[in-house]
Amino acid sequence: MKFTELSDYPVPPGTVTIWTPTTRADSAGWHTDPRPFTYDQSASIRRSTACDSDETSWLGAVFEIDDDLDDEHFDACLRGWITRHEALRSTSDPTADDPHHGRRTYRGAHLGVDAEAVGGFDSGDDVRELLTAVFDTRLAPTRWPHCIVATIESERGFTVAFAADHVVMDAYSILLSMSEIRRLYLSPRRGSSTEMAEVGSHLDFSVHDRAVGLGLTVDHPVVARWRTFLDSSAETPGFDLPLVRPHLQTRDRARTPRQRGISEYVATDNQATFMTSAARARGHGTQTAVFAALAVTLRALTGRATLRLTMPMHTRSEARYAGSVGWYVGLAPLEVDLTAAHTFDDALDATAAAIDTVRHLPSFPYQRIVELLGTGGEPEFVVSYLDIRHVPGAAEWEAARAQILRGGSRSDREVYLWIARVPGGITLSARHPGHDPADASIRDLLTTYATVLRALATTGTGLPLSSYTHANFAGATAIDGARPA
């Protein structure tokens with residue numbers, strides 16, 4: 001499974017229906033909710049209300065269901081899913097004195113779903129263009145509903161594509177939702193139970209997030225740690241490749257070219273398994289190996305001994321939030337210093353120490369921290385790692401041709417890498433500034449990173465660092481031996 005824009009998915013032709021949640025039959029079911037938004041949500045709402053461009057920030061998924069589309073069953077499936085997750089029934093209150101904090105939540109009993117029959121399409125490209133336009137124009141952090149679903153009926157069943165504004169979903173929520181929608185639709189048609197364990201509400205988590213943020217001061221050690229990192233990053237960018245220069249003179253995102261992206265397998269399942277075994281023999285896990293390999297890769301490409309990046313980590317610290325839909329992501333400032341590292345074992349040790357130092361930081365809201373520091377503080381080099389093999393329903397993803405989606409983005413500075421351990425191996429997805437030097441840089445990184453992972457799987461972790469980017473392993477291109485998603 002990869003993480004791409006919809007333009008990179010082979011959308012089938014067919015009959016398209018857009019499914020939009022509605023409370024039109026019970027508008028009195030909306031109530032003022034005293035629970036605040038998280039700091040991240042408030043910042044997203046604030047940016048949306050202040051932005052004159054058409055930029056959106058949504059995540060989504062596309063997957064197949066090997067069954068006929070029954071409108072009544074699918075309607076019930078979507079209503080059950082939205083009812084289950086309170087975050088999907090809550091939004092900002094435009095009548096509040098401060099819409100960045102004012103919230104209203106639907107508690108009525110007549111949630112509905114409007115089915116808009118768009119019609120038949122002979123071209124998958126036309127379907128893709130339609131869906132992209134719908135998701136881009138109808139989703140916003142200030143406008144409910146925050147999630148829209150589409151179905152495409154074809155000869156072999158139907159395809160589901162859905163998108164949700166980032167204000168209500170993180171990437172893990174997308175994976176959970178994809179599996180839940182499939183289960184809620186297929187189970188009653190196959191005579192099995194749709195009962196699922198109760199989950200907590202992200203709205204309750206938001207109360208905790210605000211309480212933690214209000215406890216921070218400019219003198220707090222966590223704030224001081226971020227101050228040092230952000231100051232250092234301004235002087236020595238963490239991603240020193242020719243893709244963030246030259247910067248445009250304007251900060252107006254509407255005038256900034258759309259970012260480009262790439263997503264490939266960088267290791268097969270066997271290679272990833274061998275790499276993990278080698279790391280565990282040294283007392284480390286896959287996450288440590290993934291980031292150590294990235295540090296070695298960028299050292300080889302840039303000559304810098306220190307990898308400096310912003311690392312997203314989940315904040316689902318309580319069991320009730322494990323299966324909950326919401327935005328459960330915090331940030332940590334990661335710095336891996338390979339100055340004293342001679343072998344990959346040394347790199348693993350240095351990386352593990354660096355991660356352990358910042359592992360607790362994502363629980364402190366980043367937007368509150370930059371507020372205290374008085375800086376915009378938008379991360380420009382972000383690297384995420386996620387093992388998604390054990391998410392409920394993961395075993396079905398390959399057969400369902402499932403793929404995680406992201407909306408388009410505009411920035412001449414940001415570089416985002418998403419590294420995932422998936423059932424078929426390890427994938428690396430990226431979005432980056434939209435120009436040719438950036439393309440070349442990212443492809444160099446991807447190829448070199450695959451080389452490092454293949455070397456780890458072949459030789460273990462005890463060799464000198466230069467061995468892992470040596471020409472002996474140059475054949476480890478991103479697609480070498482890896483199956484497509």
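Position 1 is the first residue of the sequence, and the numbers go up from there. As the structure is a prediction and not an experimental result, all values here were calculated from the model.
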Taking atom types as modelled, find out whether [X] and [Y] have a side-chain donor-acceptor pair closer than 3.5 angstrom.
| X | Y | result |
| --- | --- | --- |
| Asp219 | Thr217 | no |
| Thr4 | Gln403 | yes |
| Asp170 | Ser173 | yes |
| Arg316 | Ser324 | no |
| Thr351 | Thr288 | no |

So CD1 of Ile404 and CZ of Phe63: to nearest 0.5 Å the spacing works out to 12.0 Å

Under the ring-ring contact (aromatic ring centres under 6.0 Å, His included) rule, what pairs show up with a residue in residues 294-322, not counting sequence neighbours?
Phe205-Tyr321, Tyr321-Tyr328

Applied to residues 279-310, the ring-ring contact (aromatic ring centres under 6.0 Å, His included) test, sequence neighbours excluded, yields none

Are [X] and [Y] within salt-bridge range, i.e. N to O under 4.0 Å?
| X | Y | result |
| --- | --- | --- |
| Arg183 | Glu180 | no |
| Arg421 | Asp269 | yes |
| Arg260 | Asp436 | yes |

Just by modelled atom types, is the Glu64 backbone N or O under 3.5 Å from a matching donor or acceptor in the Arg182 side chain?
yes

Flag, side chain of Gln259 to backbone of Glu414, donor-acceptor distance under 3.5 Å
yes

How about Trp327 and His202: are their ring centroids closer than 6.0 Å?
no

Single hit among Arg128, Arg431, Arg258 for salt bridge (charged side-chain N to carboxylate O under 4.0 Å, His left out) with Glu5
Arg258

Contact summary for Ala161 and Phe135, nearest pair of heavy atoms:
O-CZ, 3.9 Å

Cation-pi geometry met for Arg210 and Tyr39 (6.0 Å, 45°)
yes

